[in-house]
Amino acid sequence: MSSYDESDAFGAAAVPLSRRAMGADPKAHAPYLDTLNPAQREAVETLDGPVLMLAGAGTGKTKALTTRIAHLMTTGRARPNEILAVTFTNKAAREMRNRLGALMGEAVEGMPWLGTFHAICVKLLRRHAELVGLKTNFTILDTDDQIRLLKQLVAVEDMDDKRWPARMLAGIIDGWKNRALTPDAIPTADAQAFDGRGVRLYAAYQARLRELNAADFGDLLLHMLTIFTQNEDVLAQYRRWFRYIMVDEYQDTNVAQYLWLRLLAGGHKNICCVGDDDQSIYGWRGAEVGNILRFEQDFEGAKVIRLEQNYRSTPHILAAASGLIDANKGRLGKTLWTEAEEGEKLRLIGHWDGDEEARWIGEEVEALQRGTRGLDPVSLDDMAILVRASHQMRAFEDRFLTIGLPYRVIGGPRFYERLEIRDAMAYFRLAVSLDDDLAFERVVNTPKRGLGDKAVQTIQRTARANGVSLVEGARLAVQTKLLSGKGLKELGILVDALDRWHGQVRSEADTHVELAEMILDESGYTAMWQNDKTPEAPGRLENLKELVKALENFENLQGFLEHVALIMDNESSDAEAKVSIMTLHAAKGLEFPVVFLPGWEDGLFPSQRAMDESGLKGLEEERRLAYVGITRAERLATVSFAANRRVYGQWQSQLPSRFIDELPEDHVEVLTPPGLYGGAYGAAGMAASASPAIAGAATSDLHDRAGRADVYNSPGWKRLQSRSQGARGLAQPVEARGLTIDATAVSSFTEGDRVFHKKFGYGLVSGIEGDKLKVDFEKAGTKHIVARFVVAADAADDVPF
DNA sequence: CCTCACAGAACAAAT
DNA sequence: TTCTGTGAGG
């Protein structure tokens, strides 16, 4: 693989072939070019040399990018394996692969170098691991492993872990890695980091990683950078190999990624970077907007192509977004335009508190779904609620669960980050490699085996003294009876079991799925959750079942573990339509006909912390985030804020976001119910400080919606609040948070029944009101719940595994 | 060694 | 509010 010779027959034939294709009548050979606008077409046809494609939101960037790749191939400039195409998310990579497939048929199956920075770097690093002192089967640590490891190192330093938490150190080290700094290259300005011990701990951490034959996320890139800079031959080989380089979301690259790209493109300079400086929202993760702002200097003779025709949003939405982002300084500048019909203005509404906001949005989603107010019905799949911070999702989940509105949370606590999944994975990791000390530490005493801190320390000491892994240390400790009683016996059993599983992984006597089930069974891990009577336990068992099911898609355990380390997202595409809830960050690159943007309050959005930590820079990034949010909407965008919000369980009064003041009045329609600003709710202060748009609304006519009855203004508040009491449609099997509940369970309950609810746990039915149950939950108190969201308690007990 | 109860801090974003 | 770490008691 690593010795591709570009002078082979195909490569040699490529050039003349391309001349033919590009010559007399390119259109005849490339009908896809006709579907592009002039700017896109220029971007597609400018194949050689550095190109910067400045693509505003919704301007057909992915289309241009994929068509460009297709064009490289059909003109014979490059074969699929000679194109390096980098994205930031797996989602984006998948999307690109699909679009390419649609464009070119199955011919693109062989694009091995389309992927995220991290995925590509892993692939490369496995080949050259020995150059940085790793073995090719190195393991990839996730954040959790990383912090546990750092904790140990910090403990050795005997520092006050309240003031100097390992988490902070992890952040500092990540920051250095993002800037491509190895321990020996930390600038003196950073020497004081982490009480002056940051650099030393960083070095110790790297040494420990090497001992463990492990790399963290940052290392994947950093190691490749080291390899490229220290091994000219390796770099030269890949420079020849990747004849064309394409980078998506260039504004999000950090220094390490930038250097990596510059090295690889250094020879031929056939690099095409696509990005939008207005959508740079990952500064906190080390992204450097400077990379995109500086592109023309970095790559001399670069061609800059602007994609400015927007195909996504209506003019009002576009204008509102543009007006907002105008407040930022130092932009490259773009003027988005559209041929779309005018459409609705951006809607703005204030609420009394966060619960009211969630309720209103729930009502609104249902109204839009039914197609009231003279608009066509909108599918739930076409609506999204975009929040600044994930904790804001809670209010919506609670509300939607109560009214029975199907929703999906995107990018929430992810499947592979859940406790039970990580535990199970640790067992799998150990079965595959008995040297995985971190995995061993995680599961020695899970389930409880009577092996506490003391016992673990003994094992560690033994292992260290003999220079062996923890599993071997444990074996020695058992043999020499360094432990006693229950612990000794249990540890012996565990070590034997590990040996057995490891043998079975190697012999491949059983399928890996059977093996996985056996491991979870014999380790007592499944039993542990079966005996657990907390409300979460059934859900966890369900997740474990899902995990085993996911295994079926892989050849073996190793392959699966590799996949999981990198692909941390789990998009379950299910048949039923659902409204999406996600963070603004997760929403980048997506689009929805209808978008809700709640929580526009100073301190929440823009986030106080961003402003405290990064000042004006932070504020501008927040503003870009707002811009990203608005530009996700195709037809209808609704911004909202609340006067009061619970923060740490304490009520706090909030002020509308300064971004609201920056929205151009001409493109905003204010929906605020009259009562709210009349002082009746004690929110007069809010009106005084609010934007001109709001202040105007308080005195002007609110019924300006083209003759339509306006549900927000006329019967007003009361109707909004009472409507939710009405009956819902017929119950369907609904999945919320992973547990599917059958509709047959509906209303088969009577008072006194013990029931289980996915979120609230166990409780007793104390009343029945229509399709709703009044339930006294053991932990969550009394709630009114749509009947189809609970199951009989005995049914929840035997969620099978 | 385990479990429970209490105090105190924590809500920013993710490959 | 909810999670985490700590200390007493079994």
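By convention in this document, chain letters (A, B, ...) are assigned in the order of the sequence lines, proteins followed by strands, and residues within each chain are numbered from 1.
Other residues, nucleotides and ligands place more than 12 heavy atoms under 6.0 Å from the CZ atom of A:R126.
The pair A:R179-A:E288 fails the salt-bridge criterion, with no side-chain N (NZ, NE, NH1 or NH2) lying under 4.0 Å from an Asp/Glu carboxylate O. Salt-bridge formation is detected for the pair A:R422/A:D142: a Lys NZ or Arg NE/NH1/NH2 atom is positioned less than 4.0 Å from an Asp or Glu carboxylate oxygen.
Proximity of A:N445 to the phosphate of B:dC2: a side-chain N or O atom is located under 4.0 Å from OP1 or OP2. The phosphate of B:dA14 (OP1 or OP2) has no side-chain N or O of A:T143 nearer than 4.0 angstrom.
Looking at residues two or more places apart in sequence or on another chain, you find a side-chain hydrogen bond (donor to acceptor under 3.5 Å, both in side chains) between A:D532 and A:T534. Every residue two or more places apart in sequence or in another chain that forms a salt bridge (charged side-chain N to carboxylate O under 4.0 Å, His left out) with A:D277 is listed here: A:K334.
Checked by atom type and distance alone, the side chain of A:E357 pairs as donor or acceptor with a backbone atom of A:G599 at under 3.5 Å.
Considering all non-hydrogen atoms of both residues, A:L386 and A:P598 come closest at O-CD, 3.3 Å.
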Using a cut-off of under 3.5 Å, enumerate the N/O to N/O pairs linking the protein to nucleotides 10-12 of chain B.
unit_1 : atom_1 : unit_2 : atom_2 : d
B:dA12 : OP1    : A:R609 : NH1    : 2.3
B:dA12 : N7     : A:R609 : NE     : 3.2
B:dA12 : N6     : A:E613 : OE1    : 3.0
B:dA12 : N3     : A:R388 : NH2    : 3.0

Every protein N/O within reach of nucleotides 2-5 of chain C N/O, cut-off under 3.5 Å:
unit_1 : atom_1 : unit_2 : atom_2 : d
C:dT2  : OP1    : A:R394 : NH1    : 2.8
C:dT2  : OP1    : A:R394 : NH2    : 3.2

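Taking atom CD of residue A:Q650 and atom P of nucleotide B:dG8, one finds them 15 Å apart after rounding to whole Å.
Listed by first and then second residue, the side chain to side chain donor-acceptor pair (under 3.5 Å) pairs involving residues 440-454 of chain A are A:D144-A:R442, A:Q152-A:E441, A:D423-A:R442, A:Y427-A:R449, A:E441-A:Q460 (not counting sequence neighbours).
Using cut-offs of 30° and 60° for the angle between ring planes, the A:F242 and A:Y238 rings count as parallel.
Within residues 449-460 of chain A, the residues having any heavy atom closer than 4.0 Å to DNA chain B are, in order of number, A:G450, A:L451, A:G452, A:K454, A:A455.
Only the P atoms considered, B:dA13 is 15 Å distant from C:dT4, to the nearest whole Å.
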> ring pair (Phe, Tyr, Trp, His ring centres under 6.0 Å) between A:F396 and A:Y407: does it pass, once the steps are laid out?
Replying inline: CA-CA 9 Å; A:F396 293 99; A:Y407 67 90; 9.9 Å; no

